Amino acid sequence: MSIELWGQPTVDDAMAVLGALQDEVETLSGVDASDRLSRVTALAAQLDAYRVSLVDTIRTSEVWRETDPNGTPASYLRNEHLMDQRQAKSDLRTATAFTRFPELAQACRAGRVSRAKVDVILAVGLKNQHREDALGDFIAIFVDLAARVTISDLKRTLELWADQIDPLPSPGDGKDAHARRELRIHQLGDGVKLDGFFGPDQGMRIMVAINGALDLHRRENPDAKGAAQADNANAEHGNYRITNSTGSQRADAFIDAIINPILQAGSLPTSGGAPANICVTVPLERLQSPDSPVDVDELKDRLANGTLRHHSAAVGTTNGPGNLLINAAKAQQLSCDATIQRIILDPVGKPLDIGRRTRVIPEQIRTALVIRDGGCRFPFCDKPAGWTEGHHIQHWSQGGPTSLDNLILLCSRHHHQVHSERIPITMGRNGIPRVALEHRYSDRL
Ligand SMILES: [Zn+2]
Ligand SMILES: [Zn+2]
């Protein structure tokens with residue numbers, strides 16, 4: 001397909017060209033695709049430069065006064081183009097910077113420097129008056145550098161430059177990062193997501209604590225060490241640190257070495273008499289027979305008349321907000337080794353009777369269990385006893401006794417695995433329980 005342009009090209013022409021390119025993309029060889037990719041990356045920069053020129057025309061034309069006499073260019077971009085405030089400000093900043101620094105505009109329009117790199121140069125270079133005054137003398141150097149290096153290398157060089165020309169932070173500067181500190185905890189459908197930002201001081205404390213937790217985790221968990229070694233040869237020299245650990249190793253280290261000791265120490269204040277701990281509520285029949293089939297007709301009726309209530313368990317905190325629904329297997333796992341308080345609720349959820357708090361596994365039995373098992377009994381796991389939970393081979397709610405020959409120590413990861421994969425545990429003739437891993441394969445043979 002060939003496209004001929006007659007007279008002044010339009011945006012529609014460009015869209016037609018892109019459509020034609022997209023249509024043939026599956027017929028390209030890998031080499032051709034790679035060649036196209038570098039040219040399209042340049043084209044994207046050109047297109048971004050064109051966008052900025054349009055924003056600049058909107059800004060200088062004052063069209064934004066027509067729809068709202070009290071408007072601003074930013075409010076116009078927000079309302080007419082559905083930009084959020086951050087994007088509108090960034091576009092406007094770039095538009096004025098292109099007028100002030102023609103080298104920057106030219107490099108972007110020629111496709112040599114991407115918009116993302118332009119943003120990095122402007123974010124660092126225009127951060128305060130001092131830098132802004134100096135930027136003009138250096139802009140040609142930064143444009144040249146931006147065309148040759150990655151964004152992170154460009155950013156590093158700009159920060160070194162800023163440190164040279166602007167060594168004393170202007171008022172508010174040094175506190176900027178600290179002022180932005182936040183920790184967000186999102187309850188998602190199936191878990192909790194942490195998302196945070198900390199300034200350099202608090203941030204380094206976190207790095208120190210996580211590094212320490214990872215070191216401990218590595219010592220206690222040879223599997224993790226192996227993974228890190230495969231990941232990075234430095235691990236052999238003890239450099240098993242934040243950068244070369246995986247997300248799941250960091251998560252385990254965070255819980256095992258930082259969060260669990262805090263909860264176990266019991267040093268957090270109580271709130272309204274409730275200790276800082278997790279609380280699982282579960283209907284007894286759900287624990288006793290998690291597999292019992294659902295009555296389909298009853299379920300249909302309840303869906304239709306809006307009386308469907310959650311039949312499974314919930315896990316929550318006792319000292320503040322936080323609540324998640326969990327499945328029956330998870331509820332069984334959490335109640336395997338727990339403090340139990342029987343609370344009988346009426347159908348609308350009002351407590352009718354409240355029993356005493358008792359530990360499912362009394363202290364003496366737990367001690368004997370630690371002496372017998374030593375630590376996690378899962379094959380090839382050597383988590384120490386302090387990081388394990390007692391698991392009922394037959395769950396107590398289904399009549400399993402809390403006695404040594406119905407208990408086994410498992411670390412939290414393997415406890416979870418035993419419940420979720422329903423791995424059977426057998427008692428050896430020597431009185432030592434074994435995790436029967438081979439069950440997984442016997443099904444298929
Ligand atoms: Zn268990
Ligand atoms: Zn284990």
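In each ligand, atom 1 is the first atom listed, and ligand 1 is the first ligand listed. None of the values given here were measured: they were computed from a predicted structure.
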Q) Is there a side-chain contact between F98 and C108, using heavy atoms and a 4.5 Å cut-off? A) yes
Point to revise | Donor on one side chain, acceptor on other, H391 and H414, under 3.5 Å | key: no
### Task
Tell me, please, if C381 has any N/O/S atom, main chain or side chain, under 2.8 Å from the Zn ion (ligand 2)?
yes
Checklist entry - Is D91 salt-bridged to R115, going by a charged N under 4.0 Å from an acidic O? => result yes
Point to revise | Residue pair K89, L77: steps toward the side-chain contact (heavy atoms from CB on, under 4.5 Å) verdict | key: CA-CA 9 Å; K89 282 185 111 170; L77 293 175; over 6 Å; no
H415 NE2 to H391 ND1 via the Zn ion (ligand 1), rounded to 10°, gives 110°
Closest to the Zn ion (ligand 2), among the N/O/S atoms of H414, is atom ND1
